[in-house]
Peer 1: 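Starting off with a structure, shown below.
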Amino acid sequence: MKVFCLGGAGRICREAVLDLVEHSDFDVITIGDFNEELGLKLVKELDDPRVNFVKVNVFNHEGTVKQLKGYDIVMDGTTISLNGRSTACIAEAGCHGINLNGFGAEDEFSEIFKKHNRTAVPGFGMTPGVTQMMAMHAANQLDEVESVRVSHGSFRPIAFSKSITETTTYEYDPELPGRIVFEKGEFVQVPPFARPRKIQLPEPYGETIQYIIPHSETRTLAKALEKKRVQLIEVRGTWPKQNMQLVRSLYDYGIMRNPKIEINGQEVGVMDVIGDYLFQSKEGQETELYGYSLHIEVVGKKAGVKKRHVLYHTHPASDGSVKGWEKLRAYTRNVGIPMAIATEIIAKGLVQKTGVLIPEEAFEPSMIFEELKKRGIEIHEEIQVVEESIDEEAINA
């Protein structure tokens with residue numbers, strides 16, 4: 001088997017590459033990146049005969065398609081803004097595909113993947129990705145589902161990479177149409193910082209205030225749970241406290257709209273300037289607490305009894321006590337490892353359907369959980385019987 005790791009030299013995708021080197025059965029692992037210096041450096045660090053480097057530019061469609069042909073799967077670690085271009089190349093090259101973001105740019109290529117008898121799964125990292133697996137694990141134990149609340153704490157610096165800076169700007173763009181909740185059969189758009197809710201994460205993270213964010217779980221779970229008559233799906237998230245304070249201030253002052261101003265005769269976007277500053281500053285590159293924390297709450301009925309399933313995950317500490325999980329790597333490994341696991345599952349032909357699939361259609365949750373556990377990432381579940389009289393909105397309020 002051969003895998004092409006597009007954007008493989010990036011801070012997150014390189015963790016997925018490392019996981020493939022350490023755990024997978026791939027015969028060829030190609031790191032494809034525009035940054036030749038970083039790519040070659042990573043090849044040297046990995047020191048594995050299966051690993052090589054190819055310089056690639058997804059803006060050169062024909063050239064990229066040619067480079068991808070012959071690979072079983074492309075593990076796509078490119079940014080949100082490039083996923084349409086990268087998926088077009090992957091589909092035409094006749095490869096399977098998977099990426100981290102899953103914001104919908106991939107859907108139009110479904111028929112091309114089907115024509116080549118190939119599968120593409122957009123949006124499979126920690127969230128989206130493992131979050132859907134956790135929600136489905138709970139939902140599969142219920143006859144009907146009333147509500148699904150997906151929450152996560154992403155504890156990393158606000159601008160440790162260009163793609164992360166882009167994600168921050170994207171998720172809190174006031175004009176973004178994809179910031180939605182699913183209520184009573186309809187998708188309802190909400191503004192940034194909508195529907196604050198207290199979410200108790202395991203230590204060392206503790207209690208957090210989380211807000212609705214634009215993530216693909218809202219749409220994919222609505223589709224996957226349609227037959228279980230789901231009534232409410234909300235997806236929330238948070239970053240370190242200081243990050244949230246900054247983003248809130250930028251939003252309140254209209255800066256998240258990225259208005260153009262003139263400085264010394266040159267027109268620039270205010271948010272573009274701030275993003276570049278954060279990327280180049282100590283404050284944008286560091287945070288006190290590193291890691292990732294998922295929290296999924298699914299409420300429904302089994303044999304007429306109302307139940308609440310709460311699932312959360314834990315991972316090795318970021319304090320240096322576990323080699324390879326120090327500081328930022330406690331975040332990047334959480335994101336990269338699930339994509340690597342899913343990449344090998346698809347490449348081995350264990351996903352039967354073709355075309356562009358949502359994670360819920362592609363994977364069995366227990367298979368993902370078992371592989372995560374081998375890497376020190378564990379899923380925990382608590383189940384409670386719920387009195388019908390309890391007001392759901394009062395929970396964690």
Peer 1: Considering only heavy atoms from C-beta outward, does the side chain of Glu146 approach that of Lys306 to under 4.5 Å?
Peer 2: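 Heavy-atom side-chain distance check passes, below 4.5 Å.
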Peer 1: Side chains of Glu226 and Arg229: closer than 4.5 Å at any heavy-atom pair?
Peer 2: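 Not touching, per the 4.5 Å side-chain cut-off.
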Peer 1: Measure from the side-chain N and O atoms of Gln210 to the backbone N and O of Lys198, and report whether any donor-acceptor pair falls under 3.5 Å.
Peer 2: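 Checking the backbone N and O of Lys198 against the side chain of Gln210, no donor-acceptor pair under 3.5 Å is found.
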Peer 1: If I compare all heavy atoms of Ala16 with all of Gly336, which pair ends up nearest, and what's the gap?
Peer 2: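 Answer, listing the atom of Ala16 first, then Gly336: CB-O, 3.3 Å.
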Peer 1: Please tell me if the side chains of Ile12 and Met339 come closer than 4.5 Å, counting only heavy atoms from C-beta onward.
Peer 2: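 The answer is no, as the side chains (C-beta and beyond) never meet within the 4.5 Å cut-off.
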Peer 1: Surrounding CZ of Arg257 (heavy atoms of other residues, nucleotides or ligands, distance under 6.0 Å), is the total greater than 12?
Peer 2: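 No.
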Peer 1: Give the table of side-chain donor-acceptor pairs shorter than 3.5 Å for residues 358-368, with sequence neighbours excluded, one pair per line with atom names and distance.
Peer 2:
from, atom 1, to, atom 2, distance (Å)
Glu360, OE1, Thr220, OG1, 3.4
Glu360, OE2, Thr220, OG1, 2.8
Glu360, OE2, Leu221, N, 3.3
Glu361, OE1, Ile358, N, 3.1
Glu361, OE2, Lys223, NZ, 3.3
Glu364, OE2, Ser366, OG, 3.4

Peer 1: Less than 4.0 angstrom from a charged side-chain N to a carboxylate O is my criterion; do Glu267 and Lys260 meet it?
Peer 2: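 Looking at Lys260 together with Glu267, the answer is no, because their closest N to O distance does not fall below 4.0 Å.
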Peer 1: Using the rule that Ile, Leu, Val, Met, Phe, Trp and Tyr join whenever any side-chain heavy atoms are under 4.5 Å apart, tell me whether Ile212 and Val150 fall into a single cluster.
Peer 2: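 Unlinked, Ile212 and Val150 end up in two clusters.
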Peer 1: Say you draw a straight line from CD1 of Ile379 to OH of Tyr312; how long is it, rounded to the nearest 0.5 Å?
Peer 2: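 Here the rounded value is 10.5 Å.
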Peer 1: How long is the gap from OG1 on Thr287 to CD on Gln242, to the nearest 0.5 Å?
Peer 2: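 That separation rounds to 4.0 Å.
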Peer 1: Please give me the minimum heavy-atom distance between Ile112 and Glu92, naming the atom from each residue.
Peer 2: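 Reported closest heavy-atom pair: CG2-N, 4.2 Å.
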Peer 1: How close do Val58 and Arg85 get, counting heavy atoms only, and between which atoms?
Peer 2: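 Closest approach of Val58 to Arg85: O-CB, 4.3 Å.
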Peer 1: Taking the side chain from Asp33 and the backbone from Ala9, do they hold a donor-acceptor pair closer than 3.5 Å?
Peer 2: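 The answer is yes, because a donor-acceptor pair under 3.5 Å joins these two groups.
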Peer 1: Does any part of the side chain of Asp48, heavy atoms only, come nearer than 4.5 Å to the side chain of Ile29, both counted from C-beta?
Peer 2: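 A side-chain contact under 4.5 Å is absent here.
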Peer 1: Within the 4.5 Å heavy-atom criterion, are His152 and Ile213 side-chain neighbours or not?
Peer 2: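 His152 vs Ile213: side chains touch.
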Peer 1: Would you confirm whether Gln132, through its side chain, and Gly129, through its main-chain N or O, come within 3.5 Å as a donor-acceptor pair?
Peer 2: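 At least one qualifying donor-acceptor pair exists.
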Peer 1: Any donor and acceptor pair, going by atom type alone, linking the side chain of Arg236 with main-chain N or O of Pro196 inside 3.5 Å?
Peer 2: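 Checking the backbone N and O of Pro196 against the side chain of Arg236, no donor-acceptor pair under 3.5 Å is found.
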Peer 1: Would you say the side chains of Thr131 and Glu217 form a donor-acceptor pair under 3.5 Å?
Peer 2: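 Per modelled atom types, Thr131 and Glu217 side chains form a pair under 3.5 Å.
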Peer 1: Would you say Arg11's side chain and Thr332's backbone share a donor-acceptor pair under 3.5 angstrom?
Peer 2: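 No, Arg11 side chain to Thr332 backbone: no donor-acceptor pair under 3.5 Å.
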Peer 1: Does Glu144 come within less than 4.0 Å of Lys301, counting only side-chain N to carboxylate O?
Peer 2: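 A salt bridge is absent here (no side-chain N lies under 4.0 Å from a carboxylate O).
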Peer 1: Can you check whether Lys2's main-chain N or O pairs, donor with acceptor, with Asp72's side chain at less than 3.5 Å?
Peer 2: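 Yes, because the side chain of Asp72 sits within donor-acceptor range (under 3.5 Å) of the backbone of Lys2.
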Peer 1: Can you name the closest pair of heavy atoms from Phe113 and Val356 and give their distance?
Peer 2: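 Scanning both residues completely, I find the closest heavy atoms to be CD1-CG2, 3.9 Å.
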Peer 1: Do you see a donor-acceptor pair shorter than 3.5 Å between the side chains of Glu171 and His215?
Peer 2: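 There is such a pair (donor and acceptor under 3.5 Å, judged by atom type) between the side chains of Glu171 and His215.
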Peer 1: Closest approach of Ser86 and Leu6, non-hydrogen atoms and distance?
Peer 2: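 Heavy atoms only, the tightest pair is CB-CD2, 3.7 Å.
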Peer 1: Main chain of Arg156, side chain of Asn243: is a donor-acceptor contact present, judged purely on distance under 3.5 Å?
Peer 2: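 Confirmed, Asn243 side chain pairs with Arg156 backbone.
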Peer 1: Without swapping roles, check the side chain of Gln67 against the backbone of Lys55 for a donor-acceptor pair under 3.5 Å.
Peer 2: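 Yes; judged by distance alone, with no hydrogens or angles, the pair exists.
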Peer 1: When hydrophobic residues are tied together by side-chain contacts of less than 4.5 Å, even through go-betweens, does Ile255 share a cluster with Leu246?
Peer 2: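 Yes, same cluster.
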Peer 1: Assess whether side-chain contact (heavy atoms from CB on, under 4.5 Å) is satisfied between His23 and Glu344, documenting all intermediate values.
Peer 2: CA-CA 10 Å; His23 296 281; Glu344 186 173 25; 5.7 Å; no
Peer 1: Verify the neighbour count for atom CZ of Phe279: are there more than 12 heavy atoms of other residues, nucleotides or ligands below 6.0 Å?
Peer 2: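 More than 12 heavy atoms, drawn from other residues, nucleotides or ligands, come within 6.0 Å of this atom.
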Peer 1: Do any pairs count as a ring pair (Phe, Tyr, Trp, His ring centres under 6.0 Å) and have a residue in residues 177-205, sequence neighbours left out, and if so which ones?
Peer 2: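 Pairs touching residues 177-205 that pass the test: Phe155-Tyr205, Tyr172-Phe193, Phe182-Phe187, Phe193-Tyr211, Phe193-Tyr251.
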Peer 1: Determine whether Ile341 and Phe124 satisfy the following criterion, side-chain contact (heavy atoms from CB on, under 4.5 Å), listing intermediate values before the conclusion.
Peer 2: CA-CA 10 Å; Ile341 291 170; Phe124 203 89; over 6 Å; no
Peer 1: Decide whether Val21 and Val43 are clustered together by the hydrophobic rule: side chain heavy atoms of Ile, Leu, Val, Met, Phe, Trp, Tyr closer than 4.5 Å, transitively.
Peer 2: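 Yes, same cluster.
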Peer 1: Is Glu371 salt-bridged to Lys374, going by a charged N under 4.0 Å from an acidic O?
Peer 2: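 Salt bridge present between Glu371 and Lys374.
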Peer 1: Would you say Pro240 and Tyr290 make side-chain contact, with heavy atoms under 4.5 Å?
Peer 2: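 Answer no - side chains too far apart.
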Peer 1: Among Leu357, Val3, Val121, which residue satisfies the side chain to side chain contact (heavy atoms under 4.5 Å, CB included) criterion with Ile346?
Peer 2: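 Between Ile346 and the candidates, side chain to side chain contact (heavy atoms under 4.5 Å, CB included) is satisfied uniquely by Val121.
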Peer 1: When you measure from the side chain of Asn99 to the backbone N and O of Gly77, does any donor-acceptor pair fall under 3.5 Å?
Peer 2: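 No; judged by distance alone, with no hydrogens or angles, the pair does not exist.
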Peer 1: Partners of Lys241 by side-chain hydrogen bond (donor to acceptor under 3.5 Å, both in side chains), sequence neighbours excluded?
Peer 2: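 Partners of Lys241 by the side-chain hydrogen bond (donor to acceptor under 3.5 Å, both in side chains) criterion come out as none, since no residue qualifies.
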Peer 1: Assess whether atom CD of Gln266 is packed by more than 12 heavy atoms of other residues, nucleotides or ligands within 6.0 Å.
Peer 2: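 No, CD of Gln266 has 12 or fewer neighbouring heavy atoms, counting only those of other groups under 6.0 Å.
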Peer 1: I need the Arg333 CZ to Met126 CE distance, nearest 0.5 Å.
Peer 2: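 Answer rounded to 0.5 Å: 11.5 Å.
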Peer 1: Is there a donor-acceptor contact under 3.5 Å from the side chain of Arg329 to the main chain of Glu15?
Peer 2: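 Pair absent, no side-chain N/O of Arg329 close to backbone of Glu15.
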Peer 1: Let me see the working for Arg219 and Ile180 under side-chain contact (heavy atoms from CB on, under 4.5 Å), right down to the final yes or no.
Peer 2: CA-CA 9 Å; Arg219 293 191 180 277; Ile180 54 174; 3.6 Å; yes
Peer 1: Salt bridge check, Glu234 against Arg197: does any charged N sit closer than 4.0 Å to a carboxylate O?
Peer 2: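 Salt bridge between Arg197 and Glu234, a charged N being under 4.0 Å from a carboxylate O: no.
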Peer 1: What are the two closest heavy atoms between Val230 and Ile233, and how far apart are they?
Peer 2: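 Residues Val230 and Ile233, closest heavy atoms: CG2-CG1, 3.8 Å.
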Peer 1: How far apart are the C-alpha atoms of Asn83 and Thr78, what are their side-chain angles, what is the distance that settles it, and do they pass the side chain to side chain donor-acceptor pair (under 3.5 Å) test?
Peer 2: CA-CA 6 Å; Asn83 283 165; Thr78 60; 3.0 Å; yes
Peer 1: Measure the spacing between CG of Leu42 and CZ of Phe53 and express it to the nearest 0.5 Å.
Peer 2: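 Reported to 0.5 Å precision, the distance equals 9.5 Å.
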Peer 1: Please tell me if the side chains of Leu372 and Pro338 come closer than 4.5 Å, counting only heavy atoms from C-beta onward.
Peer 2: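 They are in side-chain contact.
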Peer 1: Can you tell me how far the SG atom of Cys95 sits from the CG atom of Asp76, to the nearest 0.5 Å?
Peer 2: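 One finds 11.5 Å between SG of Cys95 and CG of Asp76.
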Peer 1: Transitively linked via ILVMFWY side-chain contacts under 4.5 Å: Ile98 with Val74?
Peer 2: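 Hydrophobic grouping puts Ile98 apart from Val74.
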Peer 1: Would Thr119 and Gln352 count as a side-chain contact (heavy atoms from CB on, under 4.5 Å) if you check the C-alpha gap in whole Å, the side-chain angles of each, and the deciding distance to 0.1 Å?
Peer 2: CA-CA 8 Å; Thr119 300; Gln352 301 300 313; over 6 Å; no
Peer 1: Can you confirm whether Gln141 sits close enough to Lys307 that some side-chain heavy atom of one is under 4.5 Å from a side-chain heavy atom of the other?
Peer 2: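 The answer is no; the side chains never approach within 4.5 Å.
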Peer 1: Give a yes or no on this: more than 12 heavy atoms of other residues, nucleotides or ligands lie within 6.0 Å of atom CD of Glu207.
Peer 2: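 Enclosed: over 12 neighbouring heavy atoms sit under 6.0 Å from CD of Glu207.
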Peer 1: To the nearest 0.5 Å, tell me how far His380 NE2 sits from His295 NE2.
Peer 2: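 Reported to 0.5 Å precision, the distance equals 12.5 Å.
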Peer 1: Just say parallel, tilted or perpendicular for the rings of Tyr331 and Phe160, cut-offs at 30° and 60°.
Peer 2: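 Aromatic pair Tyr331/Phe160 classed perpendicular.
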